[in-house]
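Report on the following structure.
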Amino acid sequence: MMRKRKGYPVYPLTAAQKFHFFYQNFCPKKEVLNIGTSVTIENDLDWDVLRASICKAYERNESLRVRFAQDKEGAWYQYVVSAEEGKPEVEFVDFSEKTMEEAEQTMTAWTRVPFKPVDSPMTRIVMIKMPDGSCGVYLLSDHRIMDAQSLIGFLQDVIELYCNSLYEGVPYPKDMASYIEQVQKDLAYEAGSKAQQRDREFFEHLIDSTTEPIYTGIDGTAKLDAERQRSGDPNARAAVNVSDSVDSAIDIFHLEEEPTTRLMKFCEEYHVSLQCLLLMGIRTYFQKMNGIDDVSVNLAIARRATLKEKKCGGTRIHSFPFRTILSEDKSFLDGVYLIRDQQNEYFRHANYDPVAYFAYRGRKYPHQGGQTYEPMSLTYQPMSLKSQGLDKLGDIHYKTKWYSNGATTQGMYLTVMHRPEDNGLDFSFEHQVKAVSREQLEYFYYYLCKIMFKGAENPGLSVGDIMKLI
């Protein structure tokens with residue numbers, strides 16, 4: 001007999017959700033899982049139609065109606081409420097009498113309010129009218145029910161429903177996929193399936209067949225040197241990368257449309273994703289700064305290969321250490337291809353539970369809690385609202401903005417996304433303020449771009465030459 005809560009079937013958490021619970025437990029600020037974003041367009045909106053479109057999008061998307069609860073043993077589980085019960089309270093806030101700065105401060109403050117943990121909605125949505133006359137929505141979501149891709153998918157659904165109601169010739173959006181169905185698939189995988197066994201063997205072999213990784217720092221070997229001195233072990237390879245404070249900020253650097261196009265052209269010509277080029281740029285930077293050709297960073301993998309996975313909402317990100325060893329005499333293109341091939345292998349096995357990966361590696365190379373080999377995490381978000389067919393709606397100019405929740409358990413997390421207004425790139429660094437400064441990020445971003453452009457223009461150049469030339 002299936003257990004129920006409030007009349008709804010209950011489901012255990014998936015590995016991706018447990019990962020978020022895992023680090024939330026260590027974080028004094030529970031808003032660490034909040035994601036706040038706004039989308040605005042330079043048009044007046046029909047607020048009644050927008051409200052109806054938002055409610056319809058909630059009805060079509062099970063993942064927005066997820067609730068969490070705990071059993072007597074303290075284990076968390078989830079259930080999905082009906083469309084009627086899950087109908088959102090759509091607020092409206094008019095910022096037109098305020099300054100842009102005041103409006104953004106208010107939305108940042110909203111982003112820092114944690115959700116009630118048990119039996120309560122995990123989203124908040126507000127229709128907003130901005131000081132510059134643009135109109136749109138602010139969405140706050142908990143990372144355990146949404147990641148960047150499902151968030152973009154939801155906002156796209158709202159826009160398409162709205163446009164279908166108001167404009168002739170705009171088709172009704174295709175149905176979303178079932179979140180529950182996808183959760184059941186994930187749970188079946190995690191219940192000792194053959195696929196899980198294959199993936200475990202892949203990652204355990206990866207850890208067993210290589211040497212211990214080594215930490216590389218954003219400005220060189222200082223942190224590793226300090227750890228070697230502190231521990232009295234001259235061969236220590238892990239270091240502490242975080243500060244004693246989870247207070248965070250988001251610093252964003254904008255790459256214009258024209259240089260972005262040059263990078264995309266390189267990717268098209270050599271049949272690689274922009275993520276490969278970004279990883280090559282990042283690892284080469286750390287190689288230059290640390291004088292080590294062995295570099296590891298954490299790589300977030302979206303796990304949305306099938307159409308059902310793309311359209312089911314929820315959170316599907318798994319994050320694994322991505323290690324490359326590349327000698328200076330290898331060409332830039334050699335490095336990009338090495339990353340591409342390795343990444344494709346990771347994608348094939350990415351359903352594996354990252355917590356199990358870290359536990360296995362921790363047993364093989366025991367080191368103190370808080371120590372790591374990876375100085376940062378990378379997410380590349382190829383999906384943008386612009387790429388989702390919204391250009392059919394004529395020349396609508398719209399902007400997206402992300403707001404800081406004020407807390408992170410990682411030293412540095414880089415998300416690279418395409419800007420909707422011009423398809424240039426935004427490099428968005430969420431970082432612990434005490435662990436990494438804005439000046440360090442500026443330096444890193446400047447050299448990362450130099451490496452990527454130098455390599456894209458001269459793919460046959462050796463890694464060593466590129467490091468000398470920039």
Side-chain angles (χ1 to χ4, degrees), residues 14-20 146-153 177 182-183 185-190 193-210 213 263-264 266-268 270-283 295-326 333-358 360-361 373-374 376-384 387 413-418:
T14 64
Q17 289 173 314
K18 283 181 189 160
F19 191 60
H20 294 312
M146 259 190 172
D147 55 28
Q149 288 217 11
S150 53
L151 195 137
I152 290 168
Q182 213 51 57
V183 164
K185 260 190 156 154
D186 285 347
L187 294 170
Y189 166 89
E190 285 161 30
S193 64
K194 281 201 172 110
Q196 185 194 37
Q197 185 54 34
R198 277 197 305 275
D199 298 342
R200 176 184 292 117
E201 284 166 7
F202 167 79
F203 279 116
E204 291 186 355
H205 175 71
L206 193 70
I207 293 165
D208 289 338
S209 63
T210 50
L263 295 181
M264 299 310 281
F266 168 85
C267 295
E268 272 168 46
Y270 293 98
H271 305 289
V272 293
S273 68
L274 182 64
Q275 184 163 286
C276 296
L277 185 54
L278 288 164
L279 278 166
M280 184 59 192
I282 288 167
R283 68 150 323 282
V295 177
S296 298
V297 295
N298 280 320
L299 178 63
I301 300 174
R303 297 169 59 241
R304 292 189 188 272
T306 67
L307 191 61
K308 280 189 169 172
E309 286 169 350
K310 282 185 176 75
K311 298 204 54 121
C312 68
T315 188
R316 299 196 55 75
I317 291 173
H318 281 182
S319 187
F320 296 99
F322 191 84
R323 180 185 188 183
T324 46
I325 302 173
L326 199 66
L333 193 58
D334 287 337
V336 171
Y337 282 155
L338 172 84
I339 287 167
R340 180 194 62 187
D341 296 345
Q342 201 170 306
Q343 201 178 248
N344 288 341
E345 283 202 316
Y346 271 56
F347 290 161
R348 276 199 291 279
H349 300 282
N351 284 330
Y352 192 58
D353 179 356
V355 178
Y357 173 99
F358 284 108
Y360 186 83
R361 190 177 75 172
Y373 306 110
E374 292 82 27
M376 63 174 289
S377 292
L378 170 70
T379 296
Y380 167 55
Q381 178 51 263
M383 192 170 156
S384 76
S387 65
Y413 191 147
L414 168 60
T415 303
V416 181
M417 282 190 281
H418 293 272

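On a predicted model such as this, the values are computed, not experimentally measured, just so you know.
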Reported CD1-to-CZ distance for the pair I339 and R283, which is rounded to 0.5 angstrom: 6.5 Å
Residue pair F19, H318: steps toward the side chain to side chain contact (heavy atoms under 4.5 Å, CB included) verdict: CA-CA 8 Å; F19 191 60; H318 281 182; over 6 Å; no
Distance, nearest 0.5 Å, that separates OG1 of T379 from CG of N298: 10.0 Å
Side-chain (R304) to main-chain (G313) donor-acceptor, under 3.5 angstrom: yes
Distance-only polar pair, side chains of R340 and Q343, donor-acceptor under 3.5 Å: no
Main-chain N/O of A15 paired to E190 side chain as donor or acceptor, under 3.5 Å: yes
Stepwise side chain to side chain contact (heavy atoms under 4.5 Å, CB included) test for Q381 and I152: CA-CA 10 Å; Q381 178 51 263; I152 290 168; 3.9 Å; yes
R303 and D186 ion-paired at < 4.0 Å: yes
Side-chain donor/acceptor of Y337 to backbone N/O of V272, under 3.5 Å: no
Aromatic ring pairing Y352/F203, orientation class (parallel under 30°, perpendicular over 60°, tilted between): parallel
Nearest-0.5 Å distance that lies between atom CG in L279 and atom OG1 in T324: 7.5 Å
Side-chain H-bond candidate by donor/acceptor type, D353 with Y189, under 3.5 Å: no
Close side-chain approach of F202 and R348, heavy atoms under 4.5 Å: no
Parallel, tilted or perpendicular, as decided by the 30° and 60° cut-offs, for the rings of Y357 and F320: perpendicular
Pairwise side-chain contact, T315 with Q17, heavy-atom cut-off 4.5 Å (strictly under): yes
From M146 atom CE to R316 atom CZ, the distance as rounded to the nearest 0.5 Å: 14.5 Å
Validation row, ring centre Y380 to ring centre H418 under 6.0 Å: yes
Working for side chain to side chain contact (heavy atoms under 4.5 Å, CB included), residues I207 and Y360: CA-CA 8 Å; I207 293 165; Y360 186 83; 3.6 Å; yes
For R323, all residues meeting salt bridge (Lys or Arg N to Asp or Glu O under 4.0 Å), sequence neighbours excluded: D294
